[in-house]
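I have placed the structure first, in the form of structure tokens, so that the comments after it can refer back to it.
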Amino acid sequence: MWDSTMFEMLGKGIGETLYMTLFSTLLAYVIGLPLGIALVVTEKESLLPNKWVNSILNIIVNITRSVPFLILLVFIQPLTRAIVGTAIGSTATIVPLVVAAAPFIGRMVESSIKELDKGVIEAALSMGASPLQIIWKVMLPETKPSLWVGAAISSTTILGYSAMAGFTSGGGLGDIAIRYGYNRYQTDVMFVTVVLLVVIVQVLQGIGMKIASKQDKRK
Amino acid sequence: MEKGQPIIALQNISKTYTSERGEFNALNNVSLEIYKGEIYGVIGMSGAGKSTLVRCINYLEKPTSGKIIFDGKDLGALSAKELRNTRQSMSMIFQQFNLLMQRTAEQNVCFPLEIAGVKKIEAKQRAKELLELVGLGDKLDAYPSQLSGGQKQRIAIARALATNPKVLLCDEATSALDPSTTQSILALLKEINEKLGITIVIITHEMKVVEQVCSHVAIIADSKIAEVGTVKEVFTHPQSKVGQQLVYPNGMPDESFMGKRCCRIVFDGSSAYDPALSSMILECQVPVNIMYADMKRVEDMAMGQMVIQLPEDDTLAEKVIQNLRAKNLIVEEVYDYVG
């Protein structure tokens, strides 16, 4: 059974997994990055304090983060169908992945920016910088290394989620593992897909950390 | 000289912080006037309110009541945008330098210029000039983490000067530095004041810093101004209790001598190489007891003060005082000077 079709299938699985992971990470950052910034700057005594916006954002993030991914995956299928036209396959899986990952990334970004020394922001304020200038020229560039570490963690988490989408025929390596390993008891196929997933996680993590340390001028 | 309008005026500034544990008065009805070209020291023990005071000057902290008039403008009446523009002519340096760690020295100095919307080429040119001015012309591409504390503060000073400010606010700018680096940073500040005519406000807890560079000083204690004057006045005749504590940091001398007549001699730099005390002893033929001495050499001048015990005989004591006064020293008799 380890013939060319099997290898082809695994190759396609790797491709789909990478597609889902990278594309979802990207889209989730489009939402999560501004979300994380908003969580920080609307806080009390920050740049643009706003109690209401801050509380609402926190509630939304906490609710989305408490729903287990597998349940979220099924729960938002109507939304997925409305956007993609179908609820199966790797493109469809991107929708729940983004919904689940954006608040997670928001929290990652929030904690990265909060590491920044308040004195640096004070210095920028004393020079007459506007809140927007402080976000673009101080908060984001100064926390770049930490943001990249966050991106490495987020992308590997999203990779893990994408494998779970195999239960609803979401495509990728997780789908193969579930079809062969879980439904047909072909543990060897499952083993191979798990090894492949581990390798991809290592690579993503490695790339993220490498960029982070290259960006870091503090040492 | 006609003083004209003060460049910074604090009018009845109060700042109250409200927390769950109640209210805290950081500043209580503080008024100060700082004129162009002065190096104005604000000194006080930690917790006296001096950091809040300096942050009120550039409105990083909004005073609870009172007005800040900077260069004729009431800061409280400005819009957010106008306030940001005004801040560009009022720079600040900090104890912890607060540099951007992901930017090189040059990029750090360019930062306020980017904010002010200066063209990149012009900004780079200016950054280069300023880094040369502060003695770091060879460190343009160095990151702050590769530099020493003194060098970091020099970058911060160059950065603060980038927008041609009228005022430079220094919040404990030398407190994180070792004594010799402190000296060199203070010398640099003095140079900037003289060369560029920038008014400097120095917040510190060290009397030495004030003695060395300031022309005027305000002593702040318990959220209030305890004493204001030229450094010479305050240094030679401290009026307030805190003032005396700051001028005599080591407290008063041996108690067994208390009650006897003593006099305090202040060396304000006018008697550079003249051994005043020994010639007085030789001329008057009287022994004196040195009870307290704190002398230092500042730019070839002897600065400091000394307390000596006078002879019991009144005529002799008077002779000693006259002799010292004749040497252009400031002499005042002190009866009990518990700090």
Side-chain angles (χ1 to χ4, degrees), chain A residues 33 36-37 40-51 53 109 111-151 208-219, chain B residues 17 19 51 54-55 57-61 78 80-105 107-117 141-147 155-156 159-163 165 167-172 176:
Chain A
L33 191 66
I37 295 167
V40 178
V41 298
T42 56
E43 251 184 23
K44 207 171 126 190
E45 316 222 326
S46 190
L47 295 176
L48 301 161
N50 189 320
K51 205 173 149 192
V53 173
V109 170
S111 81
S112 290
I113 296 178
K114 276 189 176 166
E115 286 168 23
L116 184 62
D117 183 2
K118 294 227 169 13
V120 179
I121 294 171
E122 194 179 38
L125 283 172
S126 79
M127 292 171 208
S130 67
L132 208 63
Q133 282 173 320
I134 291 179
I135 292 167
W136 279 113
K137 289 180 179 289
V138 181
M139 286 182 165
L140 295 177
E142 284 295 295
T143 56
K144 229 192 289 177
S146 173
L147 289 171
W148 275 105
V149 172
M209 299 310 275
K210 185 114 192 164
I211 297 173
S213 91
K214 223 175 166 176
Q215 294 278 349
D216 199 350
K217 311 295 184 195
R218 288 172 298 182
K219 43 179 197 235
Chain B
Y17 294 104
S19 71
S51 276
V54 73
R55 279 165 180 73
I57 295 180
N58 62 4
Y59 250 64
L60 282 179
E61 294 275 5
L78 299 180
K81 192 161 185 277
E82 287 167 332
L83 179 62
R84 288 201 292 267
N85 285 334
T86 308
R87 279 185 184 150
Q88 290 174 5
S89 45
M90 189 163 35
S91 295
M92 188 166 179
I93 59 172
F94 304 85
Q95 179 172 5
Q96 296 303 333
F97 326 123
N98 294 344
L99 296 174
L100 297 164
M101 300 303 280
Q102 303 287 355
R103 284 181 174 231
T104 62
Q107 290 165 340
N108 261 290
V109 182
C110 285
F111 179 65
L113 297 167
E114 284 171 27
I115 289 169
D141 297 323
Y143 285 95
S145 58
Q146 301 163 329
L147 301 171
I155 299 177
R159 180 174 75 171
L161 296 177
T163 47
V167 171
L168 177 60
L169 306 172
C170 310
D171 182 26
E172 296 278 7

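Proteins come first, then strands; the chains are lettered A, B, ... in the order of their sequence lines, and each starts at number 1.
The two residues B:Leu147 and B:Ala142 have their closest heavy-atom pair at CD2-CB, 4.0 Å. In terms of heavy atoms, A:Ser112 sits closest to A:Ser146 at OG-OG, 2.8 Å. Listed here is the closest heavy atom pair of A:Lys217 and B:Ser145: O-OG, 2.8 Å. For the pair B:Leu113 and B:Ala162, the tightest heavy-atom approach, listed with the atom from each and the gap, is CD2-O, 3.6 Å.
Of the two parts of A:Gln215, only the backbone, made up of N, CA, C and O, holds a non-hydrogen atom closer than 4.5 Å to a non-hydrogen atom of chain B. Interface residue B:Leu60: only side-chain heavy atoms are found under 4.5 Å from chain A. Residue A:Glu142 touches chain B through both its backbone and its side chain, counting heavy-atom pairs closer than 4.5 Å. Contacts of B:Gln96 with chain A are absent, with no heavy-atom separation under 4.5 Å from either backbone or side chain. Interface remark: B:Leu99 contributes backbone atoms only to the contact with chain A (heavy atom separation under 4.5 Å). Looking at B:Asn85, neither its backbone nor its side chain comes within 4.5 Å of chain A, counting heavy atoms on both sides. Both the backbone and the side chain of A:Ser130 have a heavy atom closer than 4.5 Å to some heavy atom of chain B.
With respect to chain A, the highest number of heavy-atom pairs below 4.5 Å among B:Gln102, B:Arg87, B:Arg55 belongs to B:Gln102. In terms of heavy-atom pairs under 4.5 Å with chain B, the best-connected choice from A:Asp117, A:Val138, A:Leu116, A:Ile121 is A:Val138. By number of non-hydrogen pairs under 4.5 angstrom with chain B, the leading residue of A:Ala124, A:Ala123, A:Ser126 is A:Ser126.
A side chain to side chain contact (heavy atoms under 4.5 Å, CB included) with A:Met127 is found for exactly one of B:Arg84, B:Arg159, B:Met92, namely B:Arg159.
A:Asn50 contributes a side-chain N or O that, together with a main-chain N or O of A:Val53, makes up a donor-acceptor pair within less than 3.5 Å.
Side-chain polar atoms of B:Glu61 and B:Tyr17 form a donor-acceptor pair below 3.5 angstrom.
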